[in-house]
There are 2 protein chains.
Amino acid sequence: MPAIKDVARRAGVSVATVSRVLNDHPSVRPDTRERVLAAVADLGYRPNAVARSLRTDQTRALGLVISDVLNPFFTELARSVEDAARELGYSVVIGNADERPELQDHHVRTLMDRRIDGLLISPTDGGSPMMQAAARAGTPMVFVDRWIEGAGLDEVPVVRTDGRAAIRDLVAHLYALGHRRLAIISGPAATTTGRERVDAFRSALREFGLVLSNDHIGQGDFQADSGRRVTARFLGLPHPPDAVFAADNLMALGAMDEIRARGLRVPDDVALAAFDDIPWFLHTDPPITAIAQPTGALGHAAVTALVDLVEGRPAESVTLSARLVTRRSCGEPEGSTP
Amino acid sequence: MPAIKDVARRAGVSVATVSRVLNDHPSVRPDTRERVLAAVADLGYRPNAVARSLRTDQTRALGLVISDVLNPFFTELARSVEDAARELGYSVVIGNADERPELQDHHVRTLMDRRIDGLLISPTDGGSPMMQAAARAGTPMVFVDRWIEGAGLDEVPVVRTDGRAAIRDLVAHLYALGHRRLAIISGPAATTTGRERVDAFRSALREFGLVLSNDHIGQGDFQADSGRRVTARFLGLPHPPDAVFAADNLMALGAMDEIRARGLRVPDDVALAAFDDIPWFLHTDPPITAIAQPTGALGHAAVTALVDLVEGRPAESVTLSARLVTRRSCGEPEGSTP
DNA sequence: CCTCCTTGTGGAATCGATTACACGGAATTG
DNA sequence: CAATTCCGTGTAATCGATTCCACAAGGAGG
């Protein structure tokens, strides 16, 4: 693989001149530029990004640490992040934490070692040491979807979706269809989205004169299995819920499995709804009512904020809003007969 | 961020000694080692991977270029690749080609610029210039799932799944359930998996005394929309097929949409099956019969082969086999009554 | 006791780029 | 016509590591 000095030799100039041509510095005579470009083409020369990074102290790469690649919400997020970054001339290096704090830490460390220009994180747990170290070291950093409070991380901008209004709409929808015993499968208490969705759900219930008993709050971990486990507990109660809201799509899937395994039907016996809408929800039996996040916009906003930080501009937190998409999993839509 | 010279100063030794401690070179006196390690801990020093890469000419990073992140098959593959690579001490940088040749080229170029140690590709098209350049430049390279013949790429090991036997099993299954007019939604002719799956399907039909008419071959592009389009054409034929086999999961989804949009039912009016099994197929209405690839093993084998190449050992092509997973989308399973 | 080898350490070259500074020659100005 | 500015280019320092070579001190062997 040719280096800059090979190009210089072939073009009969110094490496400095080659570098100037490559970074189109103004003061290079047109014919010299021509000669250099010809040499570059002849040799198929491509600048070594590693060397360039060492010298300029920037890699033009962003790190993205997500909680679970197998979750369609996150892969859609990853895709939009990559698109947005590419438009701005950055690459994205993805790390999958698999909802495991130690893996999350591994990726943050690796990304820092590789000196990525900025870090986009959707944190799995409360506050990992590496993230604090990164923040303290002044690495540009932005949280997406979930975030962490305290631990010196309060200055980190957050790009997220506010689901309160949509959750209220969902509760109204369930109420209108006659459901009164509502339950929620929440995410881990350590995650902000875990707590926030429960709070919003509880307030919405109160608005309709209902209470959310502790029996009807089950803690999951955003994975399908936990959804199944919590649902099993719900259905074993003396007064099982007649509607279950899962705080993410995978747990909804687990819930559906459990309901079906007991020979019950959705929505006739138990209504089901999920946070995070994904294409597959259209094709399940029945199609699942969900709260959709504007994933593309989320990824775009997160990259914009992070790149602002990286390039020395101030960045702001962004909150987008989610919306309810009603399908058949909570009962027949209004206006139609069963 | 502290550099090696800061550690050296604090420990009262030279940078050479610090480097020796870090790479645990034998000839360092225990107490010196101790002092260096203490300095490292005090400063929270982490070696700069960029500088190290420049000097050693290896990045300990592998590039993975996949055709479509939104396709669950590929995200599962990406996950297993990352797992396997991490175990061997490598990072993975993922590029999503989105089934677009020019994006694929962009990613190959970017990864080469970053001097990744090896390249894992599931090619989108016939033979892109950058890939040939990479192969010519001697970059270790392995194809996964799909591959390219000719163009100087014949030496590149291929890690893939052979679906012939499973496709034969599928045709037998369809035949047993009374289906005789079978159709296939194939992938792009430029991809090997596209052609291979059609060939296997055709031979299997012949085995059962059936012929695959050209009317019953529709070309898709591995995306949901194309599945829908092709299915629309099938259903508009004077003699529409009574079973449709989609060569990947997204096209199967599109097919299902179209069938349902016309008020037809799966499997009563049209049977449906797909290549690539994914968790969601359990939850669709009806659950979809599919041919499952051993995705985890595929990713693992691909990384093993690539790392062998990277570390100077010879690597071999690997072919695993797929298996049929029958569900209800082709008709009631044998032995049960409708 | 002198030589030779081993062990632990430091100095300096190196990887491939970028960029501050210097310099020669041409062009501009008074 | 001399002085000054500007333009295009080259030399060399630099980024942060690794590693070859040199060298000093200490131990072993004759």
Side-chain angles (χ1 to χ4, degrees), chain A residues 1-37 39-40 43-61 89 109-117 137 139, chain B residues 1-40 43-61 89 109-110 112-117 137 139:
Chain A
M1 202 154 276
I4 196 170
K5 65 168 180 295
D6 303 312
V7 177
R9 191 168 326 123
R10 179 173 255 261
V13 297
S14 72
V15 294
T17 300
V18 177
S19 177
R20 277 187 276 255
V21 170
L22 263 27
N23 296 285
D24 38 43
H25 184 95
S27 74
V28 175
R29 236 183 18 224
D31 60 318
T32 312
R33 169 181 306 269
E34 212 86 337
R35 274 214 320 288
V36 170
L37 258 19
V40 166
L43 297 172
Y45 168 75
R46 301 242 77 219
N48 183 328
V50 174
R52 180 185 300 211
S53 295
L54 177 60
R55 183 61 234 257
T56 60
D57 199 35
Q58 49 159 318
T59 50
R60 294 202 77 82
R109 181 171 19 248
T110 306
L111 292 168
M112 296 290 295
D113 284 356
R114 294 187 186 278
R115 300 298 193 268
I116 42 103
D117 291 342
T139 312
Chain B
M1 201 153 279
I4 197 171
K5 63 168 182 294
D6 302 312
V7 177
R9 189 167 327 122
R10 179 174 256 260
V13 298
S14 72
V15 294
T17 300
V18 177
S19 176
R20 277 187 276 256
V21 170
L22 262 29
N23 297 285
D24 38 42
H25 185 95
S27 74
V28 175
R29 232 179 25 220
D31 61 317
T32 312
R33 170 182 305 270
E34 213 82 338
R35 276 215 318 288
V36 170
L37 258 18
V40 165
L43 296 172
Y45 167 77
R46 301 242 76 218
N48 183 328
V50 175
R52 180 186 300 218
S53 295
L54 177 61
R55 184 60 233 257
T56 61
D57 199 35
Q58 50 158 316
T59 49
R60 294 202 76 81
R109 183 172 14 252
T110 307
M112 297 289 296
D113 285 356
R114 294 188 186 278
R115 299 299 192 269
I116 40 104
D117 291 342
T139 311

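Owing to the predicted nature of the structure, the values given are computational and were not obtained by experimental measurement. Reminder, nothing fancy here: chain letters follow the sequence lines and each chain counts from 1. Keep in mind that the numbers below use all heavy atoms, side chains included, and drop hydrogens, waters and symmetry copies.
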List the residues meeting side-chain hydrogen bond (donor to acceptor under 3.5 Å, both in side chains) with Arg35(B), not counting sequence neighbours, and say none if there are none. none
Applying side-chain hydrogen bond (donor to acceptor under 3.5 Å, both in side chains), can you list everything that pairs with Arg55(A), at least two apart in sequence or on another chain? none
Taking Ala49(B)'s backbone N and O only, do any of them form a donor-acceptor pair with Ser53(B)'s side chain (distance below 3.5 Å, no angle check)? yes
Every protein N/O lying under 3.5 Å from an N/O of nucleotides 4-7 of chain D:
none

side-chain contact (heavy atoms from CB on, under 4.5 Å) filter on Val21(B), not counting sequence neighbours, yields Val28(B), Arg33(B), Val36(B), Leu37(B)
For the pair Asn48(A) (side chain) and Val50(A) (backbone), establish whether a donor and an acceptor sit closer than 3.5 Å, ignoring hydrogens and angles. yes
Check whether any side-chain N or O of Arg46(A) sits under 3.5 Å from a backbone N or O of Arg109(B) as a donor-acceptor pair, and report yes or no. no
Measure from the side-chain N and O atoms of Arg114(A) to the backbone N and O of Thr59(B), and report whether any donor-acceptor pair falls under 3.5 Å. yes
Arg115(A): partners by salt bridge (Lys or Arg N to Asp or Glu O under 4.0 Å), with sequence neighbours left out: none
Rounded to the nearest 0.5 Å, what's the gap from CZ on Arg52(B) to CG on Leu22(B)? Could you check? 6.5 Å
Within the 4.0 Å limit for protein heavy atoms, which parts of nucleotides 15-26 of chain D are touched? Write it as a string from 5' to 3', B for base, S for sugar-phosphate only, - for none. BBBBBB------
All heavy atoms of Met112(A) vs all of Ile116(A), minimum pair found to be N-CG1, 4.4 Å
Residues in side-chain contact (heavy atoms from CB on, under 4.5 Å) with Ala38(B), at least two apart? none
Rounded to the nearest 0.5 Å, what separation is found between the OG1 atom of Thr32(A) and the CZ atom of Arg20(A)? 10.5 Å
Pairs under 3.5 angstrom, nitrogen or oxygen only, protein versus nucleotides 22-25 of chain C, please.
none

Going by the rule salt bridge (Lys or Arg N to Asp or Glu O under 4.0 Å), which residues pair with Asp24(A) if we only count those two or more places apart in sequence or in a different chain? none
Nearest non-hydrogen partners of Leu54(A) and Ala51(B), listed with the distance: CD1-CB, 3.8 Å
As a check of understanding: the bend across the helix from dC1(C)-dG30(D) to dG30(C)-dC1(D), end axes from five pairs, rounded to 10 degrees, works out to 50°
Positions of residues 30-38 of chain B (non-hydrogen atom under 4.0 Å from DNA chain C), listed by number: Thr32(B)
Set of residues satisfying side-chain contact (heavy atoms from CB on, under 4.5 Å) with respect to Asp6(B), sequence neighbours excluded: Pro2(B), Ala3(B), Arg9(B), Leu43(B)
